[in-house]
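The chains referred to below are lettered A, B, ... by the order of the sequence lines, with proteins before strands, and numbering in each begins at 1. All heavy atoms count here, side chains included; hydrogens, waters and symmetry mates do not.
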Amino acid sequence: MHKEYLTVSNIVGPLVIVEKIADVKYNELVEIEDSRGHLRRGTVLEVSTDQAVVQVFEGTVGLDIDKSRVRFLGRSQQLPVSEEIIGRVFDGSGRPRDNGPQIIARKRLDINGSPINPDARDYPSEFIQTGISSIDGMNPLVRGQKLPIFSGSGLPHPRIAAQIARQARVLGKEEKFAVVFAAMGITFEEANFFIEDFRNTGALERAVLFLNLANEPAIERIATPRLALTCAEYLAFELDMHVLVILVDMTFYAEALREISAARKEIPGRRGYPGYLYTDLATMYERAGRIKGKKGSITMIPILTMPEDDKTHPIPDLTGYITEGQVILSRELHRKGIYPPIDVLPSLSRLKDKGIGAGKTREDHADVLNQLFACYARGKEARELALILGEAALSDLDRLYLKFADLFETEFVRQGEFEARTIEETIELGWKLMRQLPKKELKRIRPEYLEKYYSPAAAAGGEKANEA
Amino acid sequence: MRQGKIIRVAGPLVVAAECLGAKMYDMVRVGHLGLIGEIIELNNDQAYIQVYEDTTGVGPGEPVVLTEKPLSVELGPGILGSIYDGIQRPLDVIRARHGEFVSRGIEVPALDRERRWTFEPIKKAGDRILAGDIIGYVQETPLIQHRIMVPENGDGEIIEIKEGEFKVSEVVCRIKKESGEIKELNLFQVWPVRKQRPVKERLMPFEPLITGQRILDTLFPLAKGGTACVPGPFGSGKTVVQHQLAKWSDAQIIVYVACGERGNEVADLLLSFPELKDPNTGRPLLERTVIIANTSNMPVAAREASIYTGMTIAEYFRDMGYSVALMADSSSRWAEALREIGGRMEEMPGDEGYPAYLASRLAEFYERAGKVICPGSEERIGALSVIGAVSPPGGDLSDPVVQATLKVVKVFWALDDRLANMRHFPAINWLQSYSLYRDSLKKYFAEKVAEDFVELSQEAMKLLELEAELQEIARLIGLESLSFKERLVLETARSIREDFLHQNAFHPQDTYTSMRKQYLMLRTILHFHHRANEALEAGKEFSDIVSLEVRDRISKMKYLPEEEEALLQVEKEVDASFKAL
């Protein structure tokens, strides 16, 4: 039996301060019983000889100083796991929310995990075909990568994330895979969109969901992604599954962290976010990856909404410094009615280089990708110039580039929500657009590939040779 | 050993009482788990300890064991090719013993105690020696000879020196000091990380660190023994620049500190270094490399220590007379670790919440670089170059870490978001970057590369600056308003950018360019420019000049192999095309 304390001295925001304690450990799990007998949970944020600062997940509404009973449980927060966890829906603290039974634990795992030894990491190099040209062609995703989507309010990031979850596959392989989905602070409607989509495509049977919705306690959000990642680690590294983790919305997570920091009166960093936001985010994002000698993998797609579409806001900024690239959505493309409105130029996949090329996608993929980037960038510059000076002021070449940029957006980037293009189709589409430009403009492409693919007939021949 | 008692735990900061007599920066073992920590503040009998491991489960009342030694590294054979965490624990050994995830309270010696090394003495009994003198060699890797040096306070006379196979901890030499005291030397020494290793004399740098990266070597060269910083927003290619330097620069030893960065980037280094060959010897690059990896999810206090661990190892190899390059990726993460610990100690914050001593700590760190005469009786020259990446929030160069760094470093490679978006790599902005070594390296370039090399690079810089001005005009009043000569400048500048400065790190030929080839490429581009100018003056059509086929040949020069003939051929073709015009 754990000792019970009635010595709460102070309640500030989500924090409770307990006095006259003994034998309390840092980061220990805490149970608080309020005067009506309701249980809440929390963790120890700071402890000294006679006092502990406890962060309460469910919030402090209705807690009082004299009747609250506090129990320290002598362990950190854990997630019970077993094979049965697949197909289940939990709340933000890991309790079943689908009216199903409690998970009978095969193991109890600390939700904070441990860092992967960098020496044990296997470099991600398996190309994942998402069927979306602006990702596969331009910013390819590989297994074990963490690639966030930087979105803005009102942009269709849920549809894109769902499309990726639906279409993602590794070429030529059928393997055990699962989706782990964590929702932090999103609305019921948004969460429901995902659940319905998973249900319609049959993905729900292979999914594990952790939902903390907008009307649920904000502080609970601190634990939600960690629960999801602990679950993902179990599935990937003990059950050999390939796991896709979707975390939405990291902005609400960071806001919850700021709330706690403010209540502790910590010295704030930029925009009031705590100075340790980088480290805190890293302890989650870095849990994605591959491990040498293990079959499974964790691929992560965190989604965040940039306040005022500002990429330099601390949340996207710090995320970008940790993750291996980013997919940025553009309001401008969205207004033009282009789906998916992926802003190709500032988007990036850092791990693409070992995941593409001969034997993985196609030999010319890297060059095509670089060339398309360069041409599209030049075309957008021409477009700006035309805005100021009028199209007539452009040189003939610039006009070609301008046309290229238009076609690139309407034919390459734009595609249907249920359209899954193969990587061959995507690369060929790229060539089709590049043929609009004179051959000698294509400086980023090696001469041998230019020879092989530039003229349409050669391309057809080349493709055959490739297939053979 | 003496013990204190924990009275407070707040994340990586632990406060212990009953620690009277403990010294600043002494190492301690914290709690029942024996976590490693370091004392960073003393207040009466209370010691403030930053703990290098996660403190979950540690609480008041637990013991703190004082080791009464400062945080130190072990310096001896076995360092090269290793991967260490921020406090020099070998991650490969930890993985073999404790599995894929890093657990806590692990104690592993940095150097393998069981491995035997062949020691070849070069001194003999009766020789008088000074601290810093080399007493013998161990061939640590086929690439690098590890020179065993006399440690500090080792002046005296050799009374015995052995030859043969030894473990690092075995005695190989005995010295009789002036005082009559006998000192025994084994193959390794221990040195506190926060203390700079002594040098005999500091020299001015005069030799470039050749990197094979065209924009760096030709426009913004770094000297051996110099300091550089690479600031840029995320996605602008800081890490690729650092990796390229680690792979291709002509330093003899590379110390790569991955400080608070991505685990997969470390995996990439570990994967590619054994395969990459040293251009001069054909041996795997890992044989000259040490990696310190304290990734972003590893404990924050160890991140703070990691750059000092790397620096001390780098200094040790410099003392042997090697040219060493240290890459720190990224110093911003180190500064954030300082801020986090400072915040928990409730220090008064300076700019952006960083502690007030940020600038002085950074300056201290970079000042450990340099070209020096090493201690000892021989006049050995060693060089330690430091290249620090900085990750300012939002790429904003007014960030305190960037500003504090710029005050001390001599070379500034500014990464540019806009270039990165156009996939122009390396995305180093040629208008913002600078190198203060251009003058001191002039002589070297003129003698070792070509008489007119510096002139050519200055001309290229001028054209790029002119391009920026002309583009401004063209944007306002249209391209037509420019004269053909001015439009030629635009064409040539574009050629410099796309055919010369743009370099593909992932293309087998393009990834490294020798100084000779860099020179010939630039000379050919500018030769075309001069000939085109003459042709314009002779009344030839602008459109004919810019559509000459030979321009395509120039643009492909980067893919040509390093053969003098083939490269000179392009220049001849330029002449031929203008003749035919």
Proximal component of B/E100, with respect to chain A [non-hydrogen, under 4.5 Å] = both
Using a cut-off of under 4.5 Å on heavy-atom pairs, state which of B/E346, B/E261, B/R303 scores highest against chain A.
-> B/R303
Leading residue by heavy atom contact count with chain A [cutoff under 4.5 Å; candidates B/G343, B/A474, B/A17, B/G235] | B/G235
Side chain, backbone, both or neither: which part of B/D417 has a non-hydrogen atom closer than 4.5 Å to chain A?
-> side chain
When only pairs under 4.5 Å are counted, which of A/T283, A/L45, A/D353, A/I291 shares the most heavy-atom pairs with chain B?
-> A/D353
Do you know which of B/G353, B/P349, B/A420, B/S296 has the most heavy-atom pairs under 4.5 Å to chain A?
-> B/S296
Nearest 0.5 Å, what's the CG-CG distance between A/L351 and B/D268?
-> 8.5 Å
Has the side chain of A/R444 got a donor or acceptor atom that lies under 3.5 Å from a matching backbone atom of B/R423?
-> yes
Only one of B/D85, B/D92, B/I291 forms a side-chain contact (heavy atoms from CB on, under 4.5 Å) with A/D119, so which one is it?
-> B/D92
Whatever's closer than 4.5 Å to a heavy atom in chain B on A/S125 counts as neither
Listed by residue number, which members of residues 370-378 of chain A have a heavy atom under 4.5 Å from any heavy atom of chain B?
-> A/N370, A/F373, A/A374, A/A377, A/R378
Is it the backbone or the side chain of A/R290 that comes under 4.5 Å from a heavy atom of chain B, or both, or neither?
-> neither
dist A/K311:NZ -> B/F234:CZ (nearest 0.5 Å) comes out at 5.0 Å
Using atom types as modelled and distance alone, determine if a side-chain donor or acceptor of A/E286 lies under 3.5 Å from a backbone N or O of B/G263.
-> yes
Output for pair (A/K440 NZ, B/S547 OG), nearest 0.5 Å, gives 5.5 Å
Could you tell me which portion of B/I83 (side chain, backbone, both or neither) has an atom closer than 4.5 angstrom to a non-hydrogen atom of chain A?
-> side chain
Can you say whether B/L271 sits under 4.5 Å from chain A via the side chain, the backbone, both, or neither, judging by heavy atoms?
-> side chain
Between A/V24 and chain B, which part of the residue has a heavy atom less than 4.5 Å away: side chain, backbone, both or neither?
-> backbone
Quick one: which of B/E62, B/R494, B/K238, B/H98 has the most heavy-atom pairs under 4.5 Å with chain A, could you say?
-> B/R494
B/E347 portion near chain A, given a 4.5 angstrom heavy-atom threshold | backbone
Among the listed options A/D110, A/L318, A/D280, A/L345, the residue most often paired with chain B at heavy-atom distances under 4.5 Å = A/L345
Using non-hydrogen atoms only, which part of B/S555 is less than 4.5 Å away from chain A: side chain, backbone, both, or neither?
-> side chain
Max heavy-atom pair count under 4.5 Å with chain A, selected residue of B/V102, B/N264, B/V266 = B/N264
For A/L348, is it the side chain, the backbone, both or neither that has a heavy atom under 4.5 Å from a heavy atom of chain B?
-> both
Just give me the residue among A/T312, A/I267, A/I116 that pairs up with chain B most often, heavy atom to heavy atom, under 4.5 Å.
-> A/I116
Counting only heavy atoms closer than 4.5 Å, note whether B/D499 contacts chain A via side chain, backbone, both or neither.
-> side chain
Counting distance only, does the side-chain N/O of B/R262 pair as donor-acceptor with the main-chain N or O of A/T323 below 3.5 Å?
-> yes
How far does CD1 of A/I388 sit from CG of B/L476, to the nearest 0.5 angstrom?
-> 8.0 Å
Interface check, chain A: of B/G61, B/A337, B/G11, most non-hydrogen pairs under 4.5 Å belong to B/G11
Tell me, for B/L91 versus chain A, whether the close heavy atoms (under 4.5 Å) come from the side chain, the backbone, both or neither.
-> both
Select, from A/P124, A/A22, A/S76, the one with the greatest count of heavy-atom pairs under 4.5 Å involving chain B.
-> A/P124
Smallest separation among heavy atoms of B/G57 and A/K25, with atom names = O-CD, 3.1 Å
Heavy atoms, side chains only, cut-off 4.5 Å: are A/N117 and B/I94 in contact?
-> yes
Separation of B/N421 CG from A/I328 CD1 (nearest 0.5 Å) | 8.0 Å
Under 4.5 Å, counting heavy-atom pairs only, tell me which of A/Q326, A/R270, A/H313, A/K294 racks up the most with chain B.
-> A/R270
One should read off an interatomic distance between A/Y278 OH and B/E336 CD, to the nearest 0.5 angstrom, of 7.0 Å
Side chain / backbone / both / neither for B/T295 at chain A, heavy atoms under 4.5 Å | side chain
On the ring face of A/Y321, is B/R333 found with NZ or CZ under 6.0 Å from the centre and within 45° of the axis?
-> yes
Heavy-atom closest contact (A/D317 atom, B/P393 atom, distance) = OD2-CA, 2.9 Å
What part of B/D552 lies closer than 4.5 angstrom to a heavy atom of chain A: side chain, backbone, both or neither?
-> side chain
Quick check: does any side chain N or O of A/R350 sit under 3.5 Å from a backbone N or O of B/G237, one acting as donor and the other as acceptor?
-> no
The interface call for B/R551 against chain A, heavy-atom contacts under 4.5 Å, is neither
Go through the atoms of B/R339 and report whether side chain, backbone, both or neither lie under 4.5 Å from a heavy atom of chain A.
-> side chain
Among A/G320, A/G275, A/P316, A/G144, which residue forms the greatest number of heavy-atom pairs with chain B at distances under 4.5 Å?
-> A/G320
Which bit of A/E384 is near chain B, if near means a heavy-atom gap under 4.5 Å: side chain, backbone, both or neither?
-> neither
B/K5 atom NZ, neighbour heavy-atom count above 12 within 6.0 Å | no
Proximal component of A/R271, with respect to chain B [non-hydrogen, under 4.5 Å] | neither
Toward chain A, the part of B/P90 with a non-hydrogen atom under 4.5 Å | neither
Greater than 12 external heavy atoms within 6.0 Å of A/K292's NZ = yes
